[in-house]
Structures are given as C-alpha cells and as structure tokens.
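Here's the structure we're looking at; comments come further down.
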Number of protein chains: 2
Amino acid sequence: MPSEAVDDYLKAIYEIAGDDGRASTASLARKLSVAPASVTGMLQKLAVRNPAPVEYEKHHGARLSDHGKQRALEVIRHHRLIELFLHRMLGYSWDEVHDEAERLEHAISEQLEDRIAERLGDPEVDPHGHPIPRKDGTIPPRRDLSLLDLFVGAKTTVSRVSDNDPEILRYLSELGITPGTTLHLTERAPFDGPLMLEVGPDNEKQVLGPRVAGEIRVLPPTANGETTG
Amino acid sequence: MPSEAVDDYLKAIYEIAGDDGRASTASLARKLSVAPASVTGMLQKLAVRNPAPVEYEKHHGARLSDHGKQRALEVIRHHRLIELFLHRMLGYSWDEVHDEAERLEHAISEQLEDRIAERLGDPEVDPHGHPIPRKDGTIPPRRDLSLLDLFVGAKTTVSRVSDNDPEILRYLSELGITPGTTLHLTERAPFDGPLMLEVGPDNEKQVLGPRVAGEIRVLPPTANGETTG
DNA sequence: AATGTCTTTTAGGGCTGTCTAAATTAAATA
DNA sequence: TATTTAATTTAGACAGCCCTAAAAGACATT
C-alpha cells in the first residue's frame with residue numbers, strides 16, 4: 001500500500017488536474033505545503049514504480065495513470081465518508097470535519113470503510129455536497145456550475161461548497177448557505193464585483209464577494225428559475 | 001507530538017513493564033516486531049529528549065518517566081475508546097477491533113477522542129474488559145486475578161481477557177467466555193494441566209488449556225463462591 | 001532572435017526509523 | 001573463578017521524504 005505521503009500526492013494531482021489531467025509542480029507544491037524540489041523528486045520516483053501511479057514528463061507536470069486515479073478516488077472516498085460520518089454520527093459541524101478526515105482517511109481499513117458506508121446508507125454526497133466516489137471508482141453524477149457563472153435573475157439551489165477553508169465554511173454557515181439552500185441571484189456588480197442574493201425560504205438579502213462565491217456551486221437553473229436534479 | 005513509532009514504543013514499555021517498571025530491549029523488540037538493535041537506538045534517542053519520555057540505562061532496559069507514562073496512557077485511552085466504539089456503534093466483533101484501533105489510535109484528535117467518549121457515556125472498560133484510562137491519567141480501579149490463580153471450587157465472573165490474539169478471542173467466543181460470563185472452576189489437572197470449568201448460566205462443561213486460561217482474568221471470588229465487584 | 005522572468009530540475013544534505021554484522025557486557029554454569 | 005551462552009550495544013548503511021542553493025529550461029516580450 002502507498003504511504004500517506006504518496007496518497008496525498010495522488011489526491012492532490014486528482015484535485016488539481018483540469019481537462020488535460022495534468023498538475024504542475026508548482027501547484028502541487030502549493031497544495032501540499034512542500035518545496036517544489038520535493039515535488040519533482042517524488043514525481044520522478046512515482047513514475048518509475050511498478051505499477052506506476054503517475055506519468056511524468058520533465059517540465060510538463062504529472063498525470064495520474066488509471067492505477068493512480070483508482071487509488072486517488074479510494075482515498076477521496078475515505079475522506080468524504082469520514083466527513084459525513086463525523087457530521088452525522090458525532091455532531092461535527094461542517095467546518096470541523098475536513099482536518100479530522102484528512103488524517104483518518106489514511107488509517108481506516110476496507111472493512112471500516114464498508115461499515116461506515118453501510119451505517120450511512122451508502123451516501124452519495126458529503127456534508128459539503130461533494131460526491132462520494134463509489135467502490136468501483138465511478139462517481140455519482142452531479143451537474144452543477146459555479147455560482148459565478150449564474151445569470152442574474154436565476155433561482156437555484158446550492159449543490160456544494162469547497163471544503164478546504166474552515167473560515168469560509170463558518171462564514172457561509174452564518175449566512176445560512178449550505179448544500180440544499182435556495183438562492184436567488186438578484187444582481188451582480190461588474191468587474192468581479194459582489195453578488196446580491198436572496199437566501200433560503202425567507203429570502204434574506206445577502207451580499208457575497210467573488211472569492212466566496214467562487215467556492216459555491218449550484219444546480220443548473222431552468223429558464224423560469226426552477227432547479228433540476 | 002511524538003511520532004507514531006515513538007508512541008508505539010511508549011505503549012509497549014507500559015504494557016511490558018512489571019513491578020519495577022522496566023522493559024528489556026529483547027521484549028520490546030519482540031513486541032514491536034523490530035530488531036533489538038533498533039530498540040537500543042530508539043531508547044537512546046528518547047532518553048535524551050526534552051522532556052524525556054523514558055529513562056534508559058545501558059543493559060538494564062527502559063522505564064517510562066512520568067511524562068512518558070502520561071503519553072502512553074493517552075494512547076491506550078485512544079485505543080480502548082476506539083475499540084469500544086467500533087464494537088458498539090459499528091458492529092465489530094471483539095476479535096476484530098484490535099487491529100483497526102491500532103492504526104486509528106494515532107490519527108484521532110483530542111476533539112474526536114472527547115466526542116467518542118461522550119457518545120459512549122464515558123465508559124470505564126473496553127470490549128475485552130480492560131480499563132480505559134481517564135483523561136487525567138488515572139485508571140478506573142479493577143481488582144482481578146488470573147484464572148490460573150483461582151482455587152478449585154471457586155465461582156467467579158470473567159473480568160477481562162487479553163486483546164492481542166484474535167484467534168484466542170474467537171475461540172473464547174465459541175466457548176461463550178466473555179467479560180461478565182460466570183465461571184465455576186471444578187477441577188485442575190496438575191503440572192500446568194487443563195482446567196475443567198462450568199461456564200455461564202447453563203453451566204456448560206468446558207476444558208481449557210493453560211495457555212488460554214492465562215489470557216483470562218476473573219473477579220476475586222469470595223469464600224462461598226460468590227463474586228465481588 | 002535576444003533578454004529577462006518564472007518554473008522546474010539537479011545537486012547535495014538532513015532527519016527518522018529501520019536493518020545486519022560485529023563487538024561487548026552480563027548472567028549462568030561448570 | 002573461569003568459561004560459555006545469551007542479551008545488548010556499537011558501527012555502518014539504507015529507504016523515504018523533506019530541505020536549500022544553484023543550474024537549466026520554458027516562455028513572454030521586446
């Protein structure tokens with residue numbers, strides 16, 4: 001089994017990778033809080049393993065092999081199942097679960113993974129709305145878009161929020177914005193300006209900066225403002 | 001915070017230590033599945049840390065300092081809380097909990113420790129009957145003795161069993177012997193021979209070899225065969 | 001096409017925790 | 001007490017993962 005460090009690299013590559021599936025040395029170094037030189041060293045080692053979890057080309061970053069992707073998804077499955085478990089069974093708030101899960105994801109067995117999943121009724125999303133990869137490596141489909149890409153006037157529902165920053169999560173909690181919350185985008189200031197929203201069943205008016213809005217994803221609105229999915 | 005390896009050493013010293021509080025190099029090597037030379041090296045390093053978790057004298061093994069003992073108890077508290085949690089909340093059988101807890105004990109935060117304890121109602125013993133150290137480092141008292149030290153004719157109750165060997169635990173399960181089970185020692189063959197027992201409410205007759213019996217501890221019987229505690 | 005900047009890689013180390021082989025010390029026995 | 005045996009320690013090395021400093025490559029701009 002891969003070491004914790006290796007699993008962290010695979011997860012990071014998966015999370016950073018865009019359409020071409022590549023993650024740059026610098027972005028990995030940032031994400032993992034490690035010097036760029038350390039990333040280079042690790043990628044070189046991983047690329048010559050057998051089976052190799054990553055493909056690596058000098059100066060062109062890393063890409064996960066099928067094998068590496070499988071492993072990354074398994075670790076992410078662990079992470080999200082644990083987050084949900086802590087939230088549902090042990091009263092953790094959604095801004096507390098990430099750090100705890102970050103350590104536990106490396107320590108649980110297949111057996112514990114299975115029992116947690118069973119206990120939670122084979123859930124499809126974690127407390128932040130992120131899909132939980134299935135055991136077979138497929139991901140429950142979820143069509144959503146960034147709140148930033150929403151057109152003015154749209155009514156929709158929060159699908160998920162980024163789970164990395166507890167500060168932002170606490171802030172969103174205060175605003176009453178969690179997965180499932182309804183939103184009505186009433187106005188958007190130009191030049192990456194703030195968004196005006198009506199939030200939840202009471203249509204509370206809130207103003208959201210673009211950095212925070214970028215962490216929120218919503219279900220695709222229909223023409224008349226209703227949401228699908 | 002100490003590394004996992006260090007925590008494992010401290011726990012091992014605590015568990016091996018007898019009356020004088022010492023654990024030999026060889027016994028630690030055996031318990032930790034590590035070469036004796038590795039133990040020597042680690043003990044030397046630990047002894048010069050500040051604060052030092054162990055006192056070490058060449059050729060005379062290691063002893064925990066107050067500081068080290070505190071840490072060992074904390075790790076053991078984690079271990080036993082996790083064992084009980086897996087047993088009660090996730091349907092683990094008592095022979096399955098040890099290995100899982102062995103990894104998780106290093107990964108949980110203070111916060112998670114507290115919530116688990118709370119969820120379980122601040123329990124005093126784990127599924128094998130071992131006392132769970134309290135947060136302040138004290139240990140719930142429990143007067144018991146080895147089944148091997150019981151006099152013939154005594155009636156008593158199982159207090160706890162060793163948790164290291166899943167095979168033995170499964171065997172004891174089959175025999176219906178778990179913490180709380182009543183026992184009547186009817187006969188003992190000489191020269192470390194087997195023990196004849198009547199087990200449980202139905203007084204099922206069972207024969208137990210001395211190696212297995214040595215893993216079982218029982219409450220002190222009173223003169224007439226009743227048990228205290 | 002040359003320059004300068006930014007990214008990435010190479011080179012050389014460090015720390016932790018492990019190992020084997022050889023040397024030493026302690027304990028048991030003659 | 002001398003000798004043998006068993007336990008322990010020293011010496012030297014290695015794997016994994018990290019670091020800094022310096023060199024090299026990629027890329028945008030002039």
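Throughout, a chain's letter reflects where its sequence line sits, starting with A, and its residues are numbered from 1.
Using a 4.0 Å heavy-atom cutoff across all strands shown, B:Val39 reaches no nucleic acid atom at all. Here B:Ala26 lies in heavy-atom contact (under 4.0 Å) with sugar-phosphate atoms only. A:Ala37 comes within 4.0 angstrom of a nucleotide base, judged by non-hydrogen atoms across all strands. Among the protein residues, B:Lys45 comes within range of the nucleic acid bases, having at least one heavy atom under 4.0 Å from a base atom.
Between A:Arg22 atom CZ and C:dT8 atom C1' the separation is 15 Å, expressed in whole Å. Between the NE2 atom of A:His106 and the P atom of D:dG16 there is a distance of 18 Å, given to the nearest Å. Distance CD (A:Glu57) to P (C:dT8): 14 Å, rounded to an integer number of Å. Regarding A:Leu10, its CG atom lies at a distance of 11 Å from the P atom of D:dC17, rounded to whole Å. Look at CE on A:Met42: it is 8 Å from C1' on D:dG16, rounded to the nearest Å. Atom pair B:Ile16:CD1 and D:dA7:P shows a separation of 14 Å (rounding to whole Å applied). Atom CG of A:Leu43 and atom P of D:dC18 are 11 Å apart (whole Å). Whole-Å rounding puts the A:Leu32 CG to D:dC18 P distance at 8 Å.
For B:Glu102 and B:Lys11, the salt-bridge test passes: some basic side-chain N is under 4.0 Å from an acidic carboxylate O. The existence of a salt bridge linking A:Arg115 and A:Glu118 is excluded, since no basic side-chain nitrogen approaches an acidic carboxylate oxygen closer than 4.0 Å. By the 4.0 Å N-to-carboxylate-O rule, A:Arg71 lies close enough to A:Glu74 to be salt-bridged with it. In summary, A:Lys135 and A:Glu113 engage in a salt bridge, as defined by a charged side-chain N under 4.0 Å from a carboxylate O.
Under 4.0 angstrom from either OP1 or OP2 of C:dT8 there lies no side-chain N or O belonging to A:Tyr56. The side chain of A:Lys58 contributes no N or O atom lying less than 4.0 Å from OP1 or OP2 of D:dA26. Residue A:Thr40 places no side-chain N or O under 4.0 Å from the OP1 or OP2 atom of C:dT10.
Side-chain N/O atoms of A:His78 and A:Glu105 include no donor and acceptor closer than 3.5 Å.
Comparing D:dT8, C:dT18, C:dG17 against the side chain of B:Tyr9 picks out C:dT18 as the nearest. When the nucleotides D:dC18, D:dT9, C:dT9 are ranked by their closest atom to the side chain of B:Thr25, D:dT9 comes out on top. Relative to the side chain of B:Ser38, the nucleotides C:dT10, C:dT18, D:dC17 differ in distance, and C:dT18 lies closest. Residue B:Pro36 places its side chain closer to D:dT9 than to any other of D:dT9, D:dC17, C:dT20. Closest approach to the B:Ala5 side chain among C:dT9, C:dT18, D:dT8 is made by C:dT18 (side chain taken as heavy atoms from C-beta onward). Distance from the side chain of A:Gln44 is smallest for C:dT9 among the nucleotides C:dT9, D:dC18, D:dT9.
The residue among A:Arg49 and A:His59 whose nearest nucleotide of DNA chain D lies closer to the 5′ end is A:Arg49.
Counting non-hydrogen atoms of other residues, nucleotides and ligands closer than 6.0 Å to CG of B:Asp20 gives a total above 12.
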